[in-house]
Amino acid sequence: KPSRIPHVAGCEKAAAALAARWGADPEKAAMAAILHDCGKYISLSDEARCTYTIITSSEILGLSDAEREMVAQICYFYKGGVRPYPELSDRFTWEEYFSLLKLHAILNIAGALDRSHGQKYKEVRFRFNGRAELSIAIDTQDSLALEKGIFEERASVFEDIFAIRPILKTVRIRRIS
């Protein structure tokens with residue numbers, strides 16, 4: 001859907017930047033961000049499973065079967081909740097599972113930045129202050145009330161995985177008339 005392209009592009013950019021900064025795979029983060037909503041075109045009530053099925057059933061250029069499974073699980077975690085390691089131990093080592101958790105936390109933050117799918121921000125900057133806080137500054141002209149509410153929920157996932165609290169800061173830019 002053409003109206004979704006800015007949302008997907010914004011999620012992709014934020015996810016890849018966060019992954020590069022926090023030791024996760026930027027390509028998998030970007031791919032998960034691109035595909036995280038694909039199941040909603042099949043079923044809103046079973047979006048997580050549909051997203052997982054679409055990804056695992058598709059040949060995606062540049063991804064091996066194992067990488068495709070990982071991206072599908074990241075997207076499933078995003079919509080359907082984290083599956084415990086014993087349920088996935090036949091597919092992933094503990095190290096790979098921990099990578100899944102890191103990428104899940106990153107996708108949670110990237111998705112929360114544009115929860116309204118309105119791409120309200122012009123620029124986003126990430127800065128680690130060295131005190132277990134990640135400052136995320138967003139330049140916007142619009143209200144981010146919805147994004148802030150979702151961000152607070154999703155920030156706890158990031159903090160649980162990385163032991164760093166993301167803090168959303170809004171930088172208001174004036175509209176030019």
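Note that the structure is a prediction, hence the values are computed from the model and not measured. Just so it is clear, the values below take in all heavy atoms, side chains as well, and ignore hydrogens, waters and symmetry mates.
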Indicate yes or no for a side-chain donor-acceptor contact from [X] to the backbone of [Y] under 3.5 Å, with no hydrogens or angles considered.
X      : Y      : value
Tyr76  : Gly81  : no
Glu153 : Ile150 : no
Ser99  : Glu95  : yes
Glu67  : Ser64  : yes
Asn108 : Arg154 : no
Ser57  : Ile54  : no

To the nearest 0.5 Å, what is the distance between [atom1] on [X] and [atom2] on [Y]?
X      : Y      : atom1 : atom2 : value
Cys11  : Arg115 : SG    : CZ    : 10.0 Å
Phe128 : Ile164 : CZ    : CD1   : 4.5 Å
Ser45  : Lys40  : OG    : NZ    : 13.0 Å
Arg21  : Arg127 : CZ    : CZ    : 11.5 Å
Ser116 : Asp142 : OG    : CG    : 8.0 Å
Ile60  : Leu35  : CD1   : CG    : 5.0 Å

- Above 12 or not: heavy atoms from other molecules or residues under 6.0 Å from CD of Glu27?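 Open: at most 12 neighbouring heavy atoms sit under 6.0 Å from CD of Glu27.
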- So Lys102 and Asp25, salt bridge (Lys or Arg N to Asp or Glu O under 4.0 Å) or not? Walk me through it. CA-CA 9 Å; Lys102 288 176 21 176; Asp25 186 324; over 6 Å; no
How about [X] and [Y]: do any of their side-chain heavy atoms sit closer than 4.5 Å?
X      : Y      : answer
Glu59  : Arg68  : yes
Glu147 : Ile138 : no
Ile136 : Phe151 : yes
Leu134 : Arg165 : no
His36  : Ile74  : no
Leu101 : Val82  : yes
Asp139 : Arg125 : yes
Gln73  : Tyr52  : yes

- Item | Plane angle bin for His117 and His7 - parallel if under 30°, tilted between 30 and 60°, otherwise perpendicular |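 Taking His117 first and then His7, their aromatic rings lie parallel (interplane angle under 30°).
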Shortest non-hydrogen separation from [X] to [Y] and the atoms involved:
X      : Y      : value
Leu103 : Ala24  : CD2-CB, 3.7 Å
Ile109 : Pro166 : CD1-CG, 3.8 Å
Ala30  : Glu12  : CB-CG, 3.7 Å
Leu100 : Phe77  : CB-CE2, 4.1 Å
Ser143 : Lys120 : O-NZ, 3.0 Å
Ile42  : Cys50  : CG2-SG, 3.7 Å

- Thr170 and Lys148: side chain to side chain contact (heavy atoms under 4.5 Å, CB included), yes or no, with the steps? CA-CA 10 Å; Thr170 304; Lys148 284 181 180 180; 3.2 Å; yes
- Message: Could you walk me through whether Cys38 and Thr51 satisfy the side chain to side chain contact (heavy atoms under 4.5 Å, CB included) test, starting with their C-alpha distance in whole Å, then the side-chain angles of each, then the deciding distance to 0.1 Å, before giving a yes or no?
- Response: CA-CA 6 Å; Cys38 67; Thr51 297; 3.8 Å; yes
For residues [X] and [Y]: do they belong to one hydrophobic cluster (side chain heavy atoms under 4.5 Å, members Ile, Leu, Val, Met, Phe, Trp, Tyr)?
X      : Y      : value
Ile55  : Ile34  : yes
Leu113 : Val171 : no
Leu168 : Trp22  : yes
Leu88  : Ile161 : yes
Met70  : Leu18  : yes

- Task: Test Phe92 against Tyr97 for ring pair (Phe, Tyr, Trp, His ring centres under 6.0 Å), laying out the working first.
- Result: CA-CA 6 Å; Phe92 300 106; Tyr97 180 76; 7.7 Å; no
- Give the intermediate values and the outcome of salt bridge (Lys or Arg N to Asp or Glu O under 4.0 Å) for residues Glu47 and Lys79. CA-CA 7 Å; Glu47 184 180 348; Lys79 297 294 183 177; 3.2 Å; yes
